[in-house]
There are 2 protein chains.
Amino acid sequence: MTVLETQGFLPHIAFDSVIFGFSKGKLKILLMEYHDTGWLALPGGFVGKNEDLDEAAKRGLKERTGLDNIYLEQFYTFGNLSRFKPEVMQTIIAANGFNLNPDHWMLDRFISVSYFALIDFEKVILTPDELSDSIAWYEIENLPDLILDHSAIVAKALQTLRENLERKLIGGNLLPERFTMNELQQVYEAIFGQKLRRTTFQRKMLGLDILERHEKLYTGKSHKAPYLYSFRKV
Amino acid sequence: MTVLETQGFLPHIAFDSVIFGFSKGKLKILLMEYHDTGWLALPGGFVGKNEDLDEAAKRGLKERTGLDNIYLEQFYTFGNLSRFKPEVMQTIIAANGFNLNPDHWMLDRFISVSYFALIDFEKVILTPDELSDSIAWYEIENLPDLILDHSAIVAKALQTLRENLERKLIGGNLLPERFTMNELQQVYEAIFGQKLRRTTFQRKMLGLDILERHEKLYTGKSHKAPYLYSFRKV
DNA sequence: GTTCTATTGTTACATATTGAGACAATAATA
DNA sequence: TATTATTGTCTCAATATGTAACAATAGAAC
């Protein structure tokens, strides 16, 4: 049974997720490409009638990335009338070979409760949903056009991430368990979109007393080997 | 036609507003008391089928306080299953003399998109809604029990307000157009829940270059008269 | 082995910000 | 005119941050 045929979801309510990853010095997000149309959109889904809103977002994340236990934060709910464009959804569904009644629940107006997630790029196993050809990483600095208001959703997610980073440090969720100080700095630079001073960054991070220092990392490069760090467990 | 009889709202979607005011050195919010039950709740409402989500929240604010052009910010959407308690709404509606079918849309599961507002205490004209006996101010430090998860909604609103205050200054929205430095400091103290140092506060506020200094305020008290300030227009 | 290169961890010092108190100014009262 | 309460400003100490210098070191070149 496809999502189109089920009756098990709350009407008018969707969720969308801005899933951040970090690789090769770049901050990236996951986008899905719908069949034929070539349209790009954030991964999202619907809320089961017997499901917590947060659970729905976690389920969606698990389905697309295979990941559990992820940093996931709700940041805004988009509910403008202007995001109601039934012809967009109709086209996407038609490209998948379905022809829905105009009063089908999926063609109705939706508000989108939006979440952002921070994940370890290396750990994902990407799986498109039933309406999509692909799911893939796109650099945040160079995003293509997205359907509906999804570009605005990404912008707000990035703004929220920046504000959060200044208050409560969550940058580490984008890295593997152990990382070098330089890698951590690159994450911060990618999120803030600007270079940071190496010595100040190192002093501040160490001063926060949230990092644990481990063995050195010998990469084979001809210079001093950096220490590996992990975030201290609470 | 009462809200109960209309079909013009989106099902499953409500909004609730934490409306902050400041008076006599205390931070307060507006609560409504339902007929007979004595139950207290945040002012809220539903979203019209042809209405932006934000517009709905503004409309609700206008209906209860008479105020337009208000600082209003969406901060979270509550969507746990545990907030679905049809018997609560049923009881409230029954106390108003109605007897709804169990499948009436108002008895269904709702998610609540929550907003907080900052208003000038002096300017409100309070108006209860059709299910309530009263709407009134309650001190944030000494709140009674609220229905459903409304206490959690208030807690999250206060947390968001505190975080915002550190980043972008919005404390002035709780004061009249012109105010003394001491009044502004009291607002900040009420929001943060702690005393601040007078001289440091004054220096920081003046240094931010967002205040305009006006004439002095002669209160009749036997001491130096403070200047009045207003927030600089952008 | 010795020298060289790139990068790292740490220190030193200047500059900026904040904490804490002192002090002069002043509006009304006694 | 002296007194009281509060305000606006200044001073100095304590912290935090910006900036550069420097020693340590892993591997490559010789």
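This is a predicted model, so every value here is computed, not measured. Just so we're on the same page: letters track the sequence lines, and every chain starts at 1.
Ring to ring, A:F78 and A:Y76 are close: their centroids are under 6.0 angstrom apart. A ring-centre distance under 6.0 Å is found for B:F231 and B:F179.
A donor-acceptor pair is defined here as one N or O able to donate and one able to accept, closer than 3.5 Å; such a pair exists between the side chain of A:H150 and the backbone of A:L42. When atom types are taken as modelled, the side chain of A:D129 and the backbone of A:S132 share a donor-acceptor pair closer than 3.5 angstrom. Side chain of B:D52 to main chain of A:L81: a donor-acceptor pair is present (N/O by atom type, distance under 3.5 Å, no hydrogens or angles). The main-chain N or O of A:Y229 is never found under 3.5 Å from a side-chain atom of A:R213 such that the two would form a donor-acceptor pair. With hydrogens and angles disregarded, a donor-acceptor distance shorter than 3.5 Å links the side chain of A:Q185 to the backbone of A:L196.
The existence of a salt bridge linking B:E212 and B:K233 is excluded, since no basic side-chain nitrogen approaches an acidic carboxylate oxygen closer than 4.0 Å. Checked for salt-bridge contact, A:R59 and A:E63 meet the test: a charged N lies under 4.0 Å from a carboxylate O.
Remark: B:E141 CD is loosely packed, at most 12 non-hydrogen atoms of other residues, nucleotides or ligands lying under 6.0 Å away.
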Pick out the pairs of N or O atoms, protein on one side and nucleotides 1-4 of chain C on the other, that lie under 3.5 Å.
none

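For D:dT7, one of the phosphate oxygens OP1 or OP2 lies less than 4.0 angstrom from a side-chain nitrogen or oxygen of B:N182.
Residues from residues 183-205 of chain A lying near DNA chain C, meaning a heavy-atom separation below 4.0 Å, are A:R198, A:T199, A:Q202, A:R203 in numerical order. Residues from residues 213-229 of chain A that place a heavy atom under 4.0 Å from any atom of DNA chain C, listed by number: A:R213, A:S222, A:H223, A:K224, A:P226, A:Y227.
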